[in-house]
Amino acid sequence: MKRTLIKDALAAMPVGTELTVAGWVRTVRNHKGTHPLSFVNLNDGSCLATLQVVAPAALENFVSEVQRLSAGCSVAATGRLVASQGKGQAVELLASRLRVVGWADAETYPVQQKHHTFEFLRAQAHLRPRTNTFGAVTRVRNAISFAIHEFFQQRGFVYVNTPIITASDCEGAGQMFRVSTLDPAKLPRTPEGNVNFAEDFFGRQTYLTVSGQLEGETYACALGNVYTFGPTFRAENSNTPRHLAEFWMIEPEMAFCDLAGDADLAEEFLKHIFTAVLTRCREDMAFFAEHIDKTVIDTLTHIAASPFERLSYTQAIDILTRSGKSWEYPIAWGGDLQTEHERYLTEEVFNKPVILTDYPAQIKPFYMRSNDDGKTVAAMDVLVPKIGEIIGGSQREERLDVLVEKMKNSHLRPEDYWWYLDLRRYGTVEHAGFGLGLERTVQFATGMANIRDVIPYPRTPGSAEF
RNA sequence: UCCCCGAUAGCUCAACGGUAGAGCGAUCGGCUGUUAACCGAUAGGUUCUAGGUUCAAAUCCUAGUCGGGGAGCCA
């Protein structure tokens, strides 16, 4: 079957064109009686809009099939594009043939011709892409993914696939999922009674990666500028609208680059993504602005046009201290900024993305480069309104002796990271990078309130259906 | 993991100690072009689970399960 995408039919085809479209029925309006006629709105996922198929009584299967159609049925319709007699659409398809490809029992099909809550649709995750919202989210997510590759490829960055299974049990970020083929009912034991992981698949303990950064650094220190784009796993028991146990992360890493260059790239990067969404997903973005969050288009436009605010952690503490606001968590130099502090800065003080830099060393991981003041490290967080931290990055510690010292202070064994330290032994260079959460970016771009609704099959504590 | 809130028809909700209701959806019928169509009728519920209080529990109490929001952790 040669089919025309509904997107193309609506955008480019002149009235009179003969074509075939195929998709899933969204709504049906039947007229029975003496002058029967059916209106079938079809969606094929190529765009948000549906194509109205007008089915005249002359169709040979009109009574036997067409008038029995309901939401969810798949059909292929052949006919001529005509100017619509009704309001609500410029053109419609006057069907000369309407083939029912697959029925959907109206009594049991879960996606009704009505509004559903996102909570309900999460339990129908296999069918929710057939709704307006999830179709739009999926197309925007796709556009963002493409824009990410485009941004890096245009700048000569090399796409690197870092391992998903890792043996480093402490990459400095969160709890990890164990990967094992051992039979939990018959665990092999060492003479001391511990589990003998030497008998496991890899001959040692292994986990799902929480970050490709360390491996990314090794390729940056050879290829120059690289980026990763892959799944990431965190076994934290986080139950919030901003956390997933499995999510996608983008991690660029640049050799011969300091923290300022890192921040420059992060800002350019986000602007590229949001500009791409605004120009390439107009229909879907208009939908989000109308039904999900009235401010999304204005917000993205504003971000794409204005420079990000940059200030140090120390300056931020100063602003927060002098704000005169009463905080649930007290402000003190050396402590982590709380959600309320970050939101105040990005939403109320500056009302745009804020890049915070140079955090106290004690609240940041070992690999971040120590500043000359002896108290802070070359870290940066990019904060955006509503979501909070969307990017976290740093300049990496490239001095061997300093790095070894920092590892020891973090109770890490340098010999476990021999290959990471080799980068500093042989031709070390200053380098920097950051991590961007794909789902948080999609959330921010669409205005969707819950991260579980911007990934096809969310994995969260206690939930891995589908 | 902590703190709140919730669970009643397929869906969204009402009933707040006295025999369980609406809208939408579904089914059947009607309607000369509709727009989540409209009009009429019909069907549909061990009120999340297990205990308890009471003459009487959807309603009050206890525990659990699941869901949502906030916090922490972070992307």
Side-chain angles (χ1 to χ4, degrees), chain A residues 25-41 49-57 68 70-72 82-89 92 94 104-124 131-132 172-175 210-213 231-251 266 291 328-329 336-340 342-343 363-365 381-384 387-393 434-444 449-455 460-463 465:
Chain A
V25 173
R26 280 292 177 76
T27 59
V28 185
R29 291 171 296 284
N30 285 324
H31 292 260
K32 299 171 189 173
T34 48
H35 295 274
L37 187 67
S38 285
F39 298 91
V40 180
N41 280 83
T50 56
L51 177 64
Q52 174 160 285
V53 176
V54 182
R68 291 172 45 220
S70 58
V82 298
S84 180
Q85 297 175 31
K87 292 171 185 167
Q89 61 280 318
E92 60 196 20
L94 182 57
D105 182 359
E107 296 207 45
T108 57
Y109 185 61
V111 184
Q112 299 175 354
Q113 199 166 307
K114 69 189 285 278
H115 172 79
H116 283 110
T117 60
F118 291 145
E119 288 86 352
F120 170 74
L121 289 171
R122 265 171 230 154
Q124 311 293 334
T131 64
N132 283 335
Q175 294 286 107
V210 295
S211 166
Q213 180 200 315
T232 308
F233 308 87
R234 304 269 168 96
E236 296 288 355
N237 192 9
S238 297
N239 292 287
T240 84
R242 301 180 303 282
H243 288 84
L244 291 167
E246 175 184 281
F247 63 99
W248 288 66
M249 188 156 67
I250 297 92
E251 296 180 287
H291 296 286
E328 188 181 340
Y329 294 87
D336 266 319
L337 294 182
Q338 304 298 314
T339 300
E340 58 172 343
E342 295 182 344
R343 290 188 64 157
I363 59 171
K364 290 295 182 183
D381 282 356
V382 181
L383 311 177
V384 295
I387 307 292
E389 185 180 342
I390 197 169
I391 280 179
F434 61 78
L436 171 82
L438 177 65
E439 285 75 17
R440 288 190 182 173
T441 309
V442 177
Q443 251 191 298
F444 187 72
N450 196 311
I451 200 167
R452 294 161 207 172
D453 298 326
V454 298
I455 188 169
T460 53
S463 173
E465 186 67 67

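Quick caveat: nothing in here was measured; it's all calculated off a predicted structure. Throughout, a chain's letter reflects where its sequence line sits, starting with A, and its residues are numbered from 1.
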#### Entry: Partner residues of A:Ala57 under the side-chain contact (heavy atoms from CB on, under 4.5 Å) criterion, sequence neighbours left out
A:Pro36, A:Phe62
### Query
Do A:Glu92 side-chain and B:rG33 base share a donor-acceptor contact under 3.5 Å?
yes
Just the table, please: protein N/O against nucleotides 30-32 of chain B N/O, every pair under 3.5 Å.
| unit_1 | atom_1 | unit_2 | atom_2 | d |
| --- | --- | --- | --- | --- |
| B:rC31 | N4 | A:Lys32 | N | 2.5 |
| B:rU32 | OP2 | A:Thr34 | OG1 | 3.2 |

### Dot-bracket pairing map - RNA chain B, Watson-Crick plus G-U, both contacts under 3.5 Å, | cross-strand
(((((((..((((....[..)))).(((((.......))))).....(((((..]....))))))))))))....
### Query
So, is A:Ser84 close to the B:rG33 phosphate, meaning a side-chain N or O under 4.0 Å from OP1 or OP2?
no
### Message
Using only modelled atom types and a 3.5 angstrom limit, is any donor from either the side chain of A:Gln85 or the base of B:rU34 paired with an acceptor on the other?
### Response
no
### Task
Mind checking A:Gln338 for me? I need base, sugar-phosphate or nothing, with any heavy atom below 4.0 Å counting as a touch.
sugar-phosphate
### Task
Kindly determine whether A:Ser84 and A:Gln89 satisfy side chain to side chain donor-acceptor pair (under 3.5 Å), including the steps that lead there.
CA-CA 6 Å; A:Ser84 180; A:Gln89 61 280 318; 3.0 Å; yes
#### Entry: Residues which pass side-chain contact (heavy atoms from CB on, under 4.5 Å) with A:Arg122, listed by chain and number, not counting sequence neighbours
A:Phe118, A:Glu119, A:Arg128, A:Asn450, A:Arg452, A:Asp453
### Task
Select from A:Ala83 and A:Thr117 the residue whose nearest nucleotide in RNA chain B is closer to the 5' end of that strand.
A:Thr117
Under 3.5 Å between N/O atoms: give me all the protein pairs with nucleotides 22-26 of chain B, atom names plus distance.
none

### Task
Starting from the 5' end of RNA chain B, give me the residue, A:Asn237 or A:His243, whose nearest nucleotide shows up first.
A:Asn237
### Query
In whole Å, what is the span from the NZ atom of A:Lys87 to the P atom of B:rU34?
9 Å
#### Entry: Distance in angstrom units between A:Arg68 CZ and B:rU27 P, rounded
10 Å
### Message
Once you apply a heavy-atom cut-off of 4.0 Å, does A:Ile390 come out as touching a base, just sugar-phosphate, or nothing?
### Response
sugar-phosphate
### Task
Round to a whole Å and report the spacing from CD of A:Gln175 to P of B:rU1.
13 Å
### Summary
Side-chain atoms of A:Asp336 come closest, of B:rC11, B:rC74, B:rA36, to B:rC74
#### Entry: Nucleotide B:rC74, atom P - distance to CZ of A:Phe434 in whole Å
19 Å
### Message
Let's test your reading of the model: under 3.5 Å, does the base of B:rU1 pair with the side chain of A:Glu236 as donor and acceptor?
### Response
no
#### Entry: Out of B:rC73, B:rA75, B:rU35, whichever nucleotide has its closest atom nearest the side chain of A:Gln52
B:rU35
### Message
So, under a plain 3.5 Å distance rule, would you say the side chain of A:Ser238 forms a donor-acceptor pair with the base of B:rC74?
### Response
no
### Query
How is A:Leu244 classified with respect to the nucleic acid when contacts are heavy atoms under 4.0 Å: base, sugar-phosphate, or nothing?
base
Within the sub-3.5 Å range, which N or O atoms of nucleotides 65-69 of chain B have a protein N or O partner, and how far apart are they?
| unit_1 | atom_1 | unit_2 | atom_2 | d |
| --- | --- | --- | --- | --- |
| B:rG68 | OP1 | A:Arg122 | NH1 | 2.7 |
| B:rG68 | OP1 | A:Arg452 | NH1 | 2.8 |
| B:rG68 | OP2 | A:Arg452 | NH1 | 3.0 |
| B:rG69 | OP1 | A:Asn450 | ND2 | 3.0 |
| B:rG69 | OP2 | A:Asn450 | ND2 | 3.4 |

### Query
Planes under 30° and centres closer than 5.5 Å, is that true for A:Phe39 with the base of B:rG33?
no
### Task
Specify the separation, in whole Å, of atom CD of A:Glu439 and atom P of B:rC74.
19 Å
### Task
Respond yes when some side-chain nitrogen or oxygen of A:Arg29 is under 4.0 Å from OP1 or OP2 of B:rA37, and no when none is.
yes
